[in-house]
Amino acid sequence: MPELPEVETVARELRVLILGKTIQDIEVVWYKSFDNQSSIPISGQVIKKVGRKGKYLSLQLTRSALVIHLRMTGQLLYSTHFDYDNTHIRAKIRFNDTTELLFKDTRKFGRIYHVNDAGDILYKIGMDAIDPTLDVDLFKSLVKKSSVNIKSFLLAQNKIAGVGNIYADESLHRAGIHPASLSNKIPDVKLRNLHTHLLDILHTAIENMGSTISDYRDSYGNVGNNQRFFRVYQRTGEACLNCSMPISKVR
DNA sequence: CTTGTTGCCTGTCTGC
DNA sequence: TGCAGACAGGCAACAA
């Protein structure tokens, strides 16, 4: 499931692939996958900027914006030909040079929102996890304000955006913090550690083009490489790389 | 305000 | 081999 590093990988690729292209039209195959909240026509608009905040991708157009969330199985595949497999394709963004950006989403949880301004969707989301202004002190103060367990805190997108199950589990393990630990009871030293490891893990995952569990693909249809380096995620029953005890699943 | 619960979806896996 | 049911999981909507 795409989290920050996977969405960042797609964003970087899309900057190369579709920036400056003019949209011919959008073909919506599954109506729920496309949520049109703007009356501004999409046809004829140019992709001015590709952004990302948390797990959301934003395409700034000439006069409006497309905000995209891939949820679990969403993919944005760039296509230059017409003989692709249409299975699970929920929408097609066609450009006037005959290339297309295909929104493939097996489980139909993902969404493309068309809005006047990307902020209409993104305002409710917290600070991006790799935003440089989210320094140790700010990170600590956010965690200390929360009474939920630390794993739930990391997953809460209105607090810090972009972290999902994979990178929450990996960073907590690396920092030596049990996921059920209460956020406001974790000592400063451990929080400092968590901040360092979270950033390191996210940046490393971006360098590795993200992690592919099952469905994640980049815009070229390629899998990521980062799943090879998991130390706890989906390693239930296997030996812990720190203490060699079998890893058990808690929820 | 916070926290918890439910529904959205379909492919894959488990047990009979 | 077939089939029912559990499971996976991010987030919106809703309830408390």
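Chain letters run A, B, ... following the sequence lines, proteins first and then strands; every chain starts at 1. Bear in mind that the values here come from a model prediction, so they are computed numbers and not experimental data.
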Is it true that Lys104(A) and Asp85(A) have a side-chain N and a carboxylate O under 4.0 angstrom from each other?
no
For His197(A), does its backbone N or O pair with a side-chain atom of Ser171(A) as donor and acceptor, under 3.5 Å?
no
Going by heavy atoms closer than 4.0 Å, what residues in residues 198-226 of chain A are next to DNA chain B?
none
Going by the rule ring pair (Phe, Tyr, Trp, His ring centres under 6.0 Å), which residues pair with Tyr84(A) if we only count those two or more places apart in sequence or in a different chain?
none
Among the clusters formed by ILVMFWY side chains lying less than 4.5 Å apart, do Leu4(A) and Val163(A) turn up in the same one?
yes
Whole Å only: how far is the CE atom of Met1(A) from the P atom of dG10(C)?
7 Å
Over the length of the helix from dT2(B)-dA16(C) to dC16(B)-dG2(C), how much do the five-pair end axes diverge, rounded to 10 degrees?
50°
Could Glu100(A) and Lys92(A) be called an ion pair, given the rule that one side-chain N must be under 4.0 Å from one carboxylate O?
no
Using a heavy-atom distance cut-off of less than 4.0 Å, which residues of residues 148-170 of chain A contact DNA chain C?
Gln157(A), Asn165(A)
Check His178(A) against Ile150(A) and note the closest heavy-atom contact, atom names and distance.
O-CG2, 3.6 Å
Going only through I, L, V, M, F, W and Y residues with side-chain contacts under 4.5 Å, is there a path from Phe230(A) to Tyr216(A)?
no
Quick check on contacts: within residues 51-61 of chain A, what sits under 4.0 Å from DNA chain C by heavy-atom distance?
Lys55(A), Tyr56(A)
Would a distance-only check, ignoring hydrogens and angles, find a side-chain to backbone donor-acceptor pair under 3.5 Å from Gln75(A) to Asp215(A)?
yes
Just call it for Met72(A): base, sugar-phosphate, or nothing, with non-hydrogen atoms closer than 4.0 Å on any strand.
base
Sorted by chain and number, sequence neighbours left out, ring pair (Phe, Tyr, Trp, His ring centres under 6.0 Å) with His69(A) holds for Tyr56(A)
List in chain and number order the residues that pass ring pair (Phe, Tyr, Trp, His ring centres under 6.0 Å) with His195(A), two or more places apart in sequence or in another chain; answer none if no residue qualifies.
Phe139(A)
Got a sec, which residues hit ring pair (Phe, Tyr, Trp, His ring centres under 6.0 Å) with Tyr78(A), two or more places apart in sequence or on another chain?
none
With a 4.0 angstrom cut-off to heavy atoms of chain A, pull out the first and last contacting nucleotide of DNA chain B, in 5'-to-3' order.
dT3(B) to dG11(B)
Distance-only donor-acceptor hits, side chain of residues 198-208 of chain A, under 3.5 Å, sequence neighbours excluded:
from      : atom 1 : to        : atom 2 : distance (Å)
Thr204(A) : OG1    : Asp200(A) : O      : 2.7
Asn208(A) : ND2    : Thr204(A) : O      : 3.3
Asn208(A) : ND2    : Asn226(A) : OD1    : 2.8

Under 3.5 Å donor-acceptor, Arg235(A) side chain and Ala239(A) backbone
yes
Salt-bridge criterion met for Lys151(A) and Asp169(A) (N-O under 4.0 Å):
yes
Specify the residues of residues 109-126 of chain A, ordered by number, for which at least one heavy atom lies under 4.0 angstrom from an atom of DNA chain B.
Phe109(A)
Return each pair, listed once, that meets ring pair (Phe, Tyr, Trp, His ring centres under 6.0 Å) where at least one residue sits in residues 7-43 of chain A; pairs must be two or more places apart or across chains.
none
side-chain hydrogen bond (donor to acceptor under 3.5 Å, both in side chains) for Asn184(A) and Ser147(A)? Distances and angles first, verdict last.
CA-CA 6 Å; Asn184(A) 52 15; Ser147(A) 58; 5.1 Å; no
Do Glu27(A) side-chain atoms and Arg94(A) backbone N/O form a donor-acceptor pair below 3.5 Å?
no
